[in-house]
Amino acid sequence: MQRRGPENFILGGDEHDGVVNMDFFIWVIRDGDQVILVDTGFGERGSTARGRPLECCPIAALRQLDIDPDQIRDVILTHLHWDHAGNLDKLPNATFHLQDAEAAFATGRCMCQPILRRAFAVEDVCDFVRRVYDDRVVFHEGDDTFAPGIELLLIGGHTRGLQAVRVHTARGWVILASDAAHYYDNVTRRLPFPVVVDVAAMLAGHARLLKLADSPDHFVPGHDPQVLERYPRVAGTKAAIAVLHEAPTS
């Protein structure tokens, strides 16, 4: 997907800026036999509704890492926007982890406002609610330790209940910022992405997450194509898969 540069910043950029690409990521946290998925991306439904190309189903692509989607037991949803919370039906045995504030935001009175609901897909939200009724959702209220070496961080800003994930890897603490910051430039230029509920919370989130990362090179934004340029790739896979537990190569 391509966007004009100024579309990625509030009160920033130059009208002469060129087109900027946007990548869409899901992440795998793997420790031995334990596999935890962070976000679920979008599928054909979201691709058709939004007119966004879908190079491959992100859940099917897990098989390229020898991961059977049916065996995944835990999924951390950073938030419920259409490009992060689709494909729930493709994970039949998973329990989904979400912030209380995000569920309330995505199903409450704020969704009466078109500008606030535009990045949500009602079908995906309904799929999530069905998992609640199936006893397959765990709600978190604020910061929480998900497991040893995995922390959930309530950030807000982009949505009311967006959570980032802090993971202790072989090279130290890595921050999966998700849409707390779409691009590296959102943070380095102090210019928030324009899809935002609370600008002050978003800016505070940038500072907090940078502090919690072991270095700026341990901070991973949610949609920046530079992620795939900076990090080593898994060899021999059709999908482009970045390896975040190894140091950036550029």
Side-chain angles (χ1 to χ4, degrees), residues 7-12 22 24-27 29 36-42 75-86 96-122 124-125 128-129 132 137-146 150-167 173-213 216 218-224:
E7 294 177 316
N8 299 321
F9 310 102
I10 293 177
L11 301 177
M22 174 180 283
F24 298 83
F25 297 103
I26 67 171
W27 297 110
I29 303 172
I36 298 165
L37 191 63
V38 179
D39 287 335
T40 54
F42 66 94
V75 176
I76 299 169
L77 295 174
T78 61
H79 60 303
L80 290 178
H81 277 175
W82 71 276
D83 54 324
H84 291 259
F96 300 92
H97 298 259
L98 189 77
Q99 288 286 331
D100 276 326
E102 183 68 6
F105 180 59
T107 60
R109 67 172 62 202
C110 287
M111 294 302 100
C112 296
Q113 302 296 335
I115 194 170
L116 294 179
R117 69 173 182 250
R118 63 179 179 171
F120 291 92
V122 64
D124 294 338
V125 175
F128 171 79
V129 172
V132 176
V137 172
V138 173
F139 289 102
H140 299 264
E141 186 176 5
D143 296 351
D144 203 356
T145 298
F146 181 87
I150 304 173
E151 299 174 358
L152 307 180
L153 305 170
L154 176 59
I155 300 299
H158 179 62
T159 66
R160 190 68 57 78
L162 180 137
Q163 61 184 349
V165 185
R166 185 174 185 242
V167 185
W173 286 102
V174 169
I175 292 289
L176 302 177
S178 183
D179 290 2
H182 283 57
Y183 294 89
Y184 287 107
D185 277 355
N186 291 133
V187 176
T188 59
R189 297 172 63 186
R190 299 184 182 181
L191 295 172
F193 193 79
V195 181
V196 58
V197 172
D198 186 330
V199 173
M202 181 176 277
L203 290 169
H206 294 171
R208 183 180 182 219
L209 292 176
L210 282 175
K211 185 176 181 180
L212 289 172
H218 289 73
F219 179 93
V220 182
H223 288 276
D224 200 322

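The structure presented is a predicted model; accordingly, all values stated were derived computationally and were not measured.
- With hydrogens and angles ignored, the 3.5 Å screen pairs no side-chain donor or acceptor of D39 with any backbone N or O of L77.
- Here the side chains of W27 and V167 are not in contact, with every heavy-atom distance at 4.5 Å or above.
- Considering only residues two or more places apart in sequence or on other chains, V122 meets the side chain to side chain contact (heavy atoms under 4.5 Å, CB included) condition with C126.
- When side chains are defined from C-beta on, L212 does not count as touching W173, because their heavy atoms never get closer than 4.5 Å.
- The two residues S178 and L162 come nearest to each other via the heavy atoms OG-CD1, 4.4 Å.
- Rounding to the nearest 0.5 Å gives a distance of 9.5 Å between CG of L176 and OG1 of T78.
- Minimum heavy-atom separation, W82 to A121: CB-CB, 3.9 Å.
- Within the structure, every pair that satisfies the side-chain hydrogen bond (donor to acceptor under 3.5 Å, both in side chains) test and touches residues 98-119, not counting sequence neighbours, is listed here: Q99-Q163, E102-T159.
- Nearest approach of C110 to R160, heavy atoms of both residues: SG-NH2, 3.7 Å.
- Rounding to the nearest 0.5 Å gives a distance of 12.5 Å between CD1 of I26 and CD1 of I76.
- T188 OG1 to L210 CG: the interatomic distance, rounded to the nearest 0.5 Å, is 9.5 Å.
- Here the shortest heavy-atom pairing between L209 and A180 reads CD1-CB, 3.7 Å.
- Under the 3.5 Å distance criterion, the side-chain polar atoms of H158 are matched with a main-chain donor or acceptor of V195.
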Tell me, with the steps shown, if H218 and V174 meet side chain to side chain contact (heavy atoms under 4.5 Å, CB included).
CA-CA 5 Å; H218 289 73; V174 169; 4.0 Å; yes
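- Residues D124 and A85 come closest through the heavy atom pair CB-O, 3.7 Å.
- Under the 3.5 Å distance criterion, with hydrogens and angles disregarded, no donor-acceptor pair is assigned to the side chains of D144 and H97.
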Using the side chain to side chain contact (heavy atoms under 4.5 Å, CB included) rule, take F24 and H223 through it: C-alpha gap first, then chi angles, then the decisive distance, then the call.
CA-CA 5 Å; F24 298 83; H223 288 276; 3.5 Å; yes
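- In this structure, the side chain of T40 engages the main chain of H84 through a donor-acceptor pair within 3.5 Å.
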Worked verdict on D179 versus H81 for side-chain hydrogen bond (donor to acceptor under 3.5 Å, both in side chains):
CA-CA 10 Å; D179 290 2; H81 277 175; 4.6 Å; no
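- Sorted by first then second residue, the side-chain hydrogen bond (donor to acceptor under 3.5 Å, both in side chains) pairs that include residues 196-208, not counting sequence neighbours, are D143-R208.
- Applying the side chain to side chain contact (heavy atoms under 4.5 Å, CB included) test between P221 and each of F25, Y184, F193 identifies Y184 as the sole match.
- With contacts defined as side-chain heavy-atom distances shorter than 4.5 Å, the pair L80/F105 does not qualify.
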Where do L153 and I175 land on the side chain to side chain contact (heavy atoms under 4.5 Å, CB included) test, with the steps shown first?
CA-CA 10 Å; L153 305 170; I175 292 289; 4.0 Å; yes
Test side chain to side chain contact (heavy atoms under 4.5 Å, CB included) applied to I150 and V165, step by step
CA-CA 7 Å; I150 304 173; V165 185; 4.0 Å; yes
